[in-house]
Amino acid sequence: MAFTFGKQETPLVPNPEPGASLHGQCANCGAAMVGPYCAQCGEKKLIPKDYSLPHLAEELLGVFTHLDSKFLRTIKVLLTRPGELSNAYFHGGRSRFTKPLTLFVIINVVFFFVQPHTGVWGFRYAGYLNNPRHATAVRAHLAGTKEPEQSYAARFNANLQNQKKSMLIVSVPVLAIVMALLFVGTRRTYAEHLVFSVQVYAFLLIYMLTVILLILFLSTVLLRTLGSAALPLIRMIDGNMGIAAVTLVGLTIYMYKGLRRAYDASRPRAALTAFLLAWAMMFLVGVYHLALFYVTFWTT
């Protein structure tokens, strides 16, 4: 089913009825106002009370309370009903939830505030230098600048942490392009894929910080009770292979449910598409890791 976004007709400003209270011209859109609110854009005609400190404090409290309840509602639906936010965005009801991009930005900021204190995506200068090509590029740079490696490493890691936040956003429209290719011929719009991709990445960040860390921690504690015989399995779970496996399974299940709900996909199509998209996201994480080094290297 395709969604079209045609140009809406400009709503008419109702003619003043006899005896109606006229409030002049709207300062926002210029339409004639009848009553305290503009019928054209909803702007309120300010009165002296609106400039009082108690009123400003009341509005500020209302904004934070509304934002808090709206955001928490959005997070709950994001985690418990995959695809529901996409339905609300395109089928009506979007005002009840935080906008997709705003949601992603907030979660992105929180994730990268907590991330340095975890082992998730712990990309660092020392780790990148395990790659011979990266090490050669860095050595050549240091030979030319004569900067002490310790000083450069500190600047590199600081810049790397900043680049992580912004570069991840680039992965969202790329995933939407992959979705557009997988759904070619279904008359789904790129906007639909983009909104769905934003929510999938928002889920991924929450999933990485909660489920993965919890599963890996509990699994490691449990296996350690088995003694030295479990050491090889512990190393596998603690390492990149374990994180990748848990991530792949979680993403596949989440996107399967999301595609069923938001795209009305059949079970076989949803399962296959979710599996392919999960692998595509894992590939994009690898590209993200590689690109992160070069962008940080060029800007440090």
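Please read all numbers here as calculations on a predicted model, not as lab measurements.
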Residues passing the ring pair (Phe, Tyr, Trp, His ring centres under 6.0 Å) test with Tyr288, sequence neighbours excluded, are Trp121

Check your understanding: Are Val198 and Tyr190 in one and the same hydrophobic cluster, where Ile, Leu, Val, Met, Phe, Trp and Tyr link if side-chain heavy atoms are under 4.5 Å apart?
Key -> yes

- Task: Following the transitive rule for hydrophobic clusters with a side-chain heavy-atom cut-off under 4.5 Å over Ile, Leu, Val, Met, Phe, Trp and Tyr, establish whether Leu205 and Leu101 coincide in one cluster.
- Result: no

Please check this pair: side chain of Lys70 against backbone of Ser95, looking for a donor-acceptor N/O pair closer than 3.5 Å. yes

Quick note, salt bridge (charged side-chain N to carboxylate O under 4.0 Å, His left out) partners involving residues 84-93, not counting sequence neighbours, are Arg81-Glu84, Glu84-Arg261

Here the gap from Phe71 atom CZ to Leu78 atom CG, rounded to the nearest 0.5 Å, amounts to 9.0 Å

Rounded to the nearest 0.5 Å, the CG atom of Asn87 sits from the CG atom of Asp264 at a distance of 7.5 Å

Practice problem: State plainly whether one hydrophobic cluster holds both Ile107 and Val170, where clusters connect Ile, Leu, Val, Met, Phe, Trp and Tyr through side-chain heavy atoms under 4.5 angstrom apart. | Solution: no

Notebook entry, point to check: Under 30°, 30 to 60°, or over 60°: which ring-plane class applies to Tyr201 and Phe104, parallel, tilted or perpendicular?
Noted result: perpendicular

I'd like a table of donor-acceptor pairs (distance under 3.5 Å, sequence neighbours excluded) in which one partner is a side-chain atom from residues 293-300, with atom names and distances.
unit_1	atom_1	unit_2	atom_2	d
Thr296	OG1	Leu292	O	2.7
Thr299	OG1	Asn159	ND2	2.8
Thr299	OG1	Val295	O	2.7
Thr299	OG1	Thr296	O	3.4
Thr300	OG1	Asn159	ND2	2.9
Thr300	OG1	Thr296	O	2.5

CG (Leu204) and CG (Leu251) are apart, to the nearest 0.5 Å, by 5.0 Å

By side-chain hydrogen bond (donor to acceptor under 3.5 Å, both in side chains), Arg155 pairs with (sequence neighbours left out) Glu147

query: Taking side chain as C-beta onward, heavy atoms only, is Phe156 less than 4.5 Å from Val138?
result: no

Requested in this report: Please assess Phe112 against Leu168 for the test side-chain contact (heavy atoms from CB on, under 4.5 Å), listing each intermediate value before the final yes or no.
Outcome: CA-CA 11 Å; Phe112 284 108; Leu168 186 63; 4.0 Å; yes

Do any N or O atoms from the side chain of Glu192 and from the backbone of Ser86 form a donor-acceptor pair under 3.5 angstrom?
no

Would a single hydrophobic cluster contain both Ile106 and Leu79, if residues Ile, Leu, Val, Met, Phe, Trp and Tyr are joined by side-chain heavy-atom contacts under 4.5 Å?
yes

Is any side-chain heavy atom of Leu290 less than 4.5 Å from a side-chain heavy atom of His134? yes

Between the CG atom in Leu182 and the CD1 atom in Ile177, the distance rounded to the nearest 0.5 Å is 12.0 Å

task: Please step through side-chain contact (heavy atoms from CB on, under 4.5 Å) for the pair Met281 and Met255, ending with a clear verdict.
output: CA-CA 11 Å; Met281 287 187 70; Met255 285 192 284; 4.0 Å; yes

Tell me, do Ile75 and Leu103 make a side-chain contact under 4.5 Å, heavy atoms counted? yes

- Query: Any chance OH of Tyr89 has more than 12 other-residue heavy atoms, nucleotides or ligands included, within less than 6.0 Å?
  - Reply: no

| message | Is it the case that over 12 heavy atoms from other parts of the model lie below 6.0 angstrom from the CZ atom of Phe283? | response | no

Please confirm whether the backbone N or O of Tyr125 pairs with a side-chain atom of Asn157, one donor and one acceptor, at under 3.5 Å? yes

Applying side-chain hydrogen bond (donor to acceptor under 3.5 Å, both in side chains) to His193 and not counting sequence neighbours gives Tyr263

Worksheet item: Passes side-chain contact (heavy atoms from CB on, under 4.5 Å), Ile253 versus Val249? Steps please.
Response: CA-CA 6 Å; Ile253 295 173; Val249 171; 3.9 Å; yes

Does Thr98 use its side chain to pair, donor to acceptor, with the backbone of Thr74 at less than 3.5 Å?
no

**Asked** Transitively linked via ILVMFWY side-chain contacts under 4.5 Å: Tyr256 with Val195?
**Response** no

Value for CG (Leu276) from CG (Leu272), rounded to nearest 0.5 Å, stands at 4.5 Å

Quick one: does any side-chain atom of Arg94 pair with a main-chain N or O of Ala88 as donor and acceptor, under 3.5 Å? no

With sequence neighbours left out, the residues meeting side-chain hydrogen bond (donor to acceptor under 3.5 Å, both in side chains) with Arg139 are Glu149

So CZ of Phe196 and CG of Leu259: to nearest 0.5 Å the spacing works out to 4.0 Å

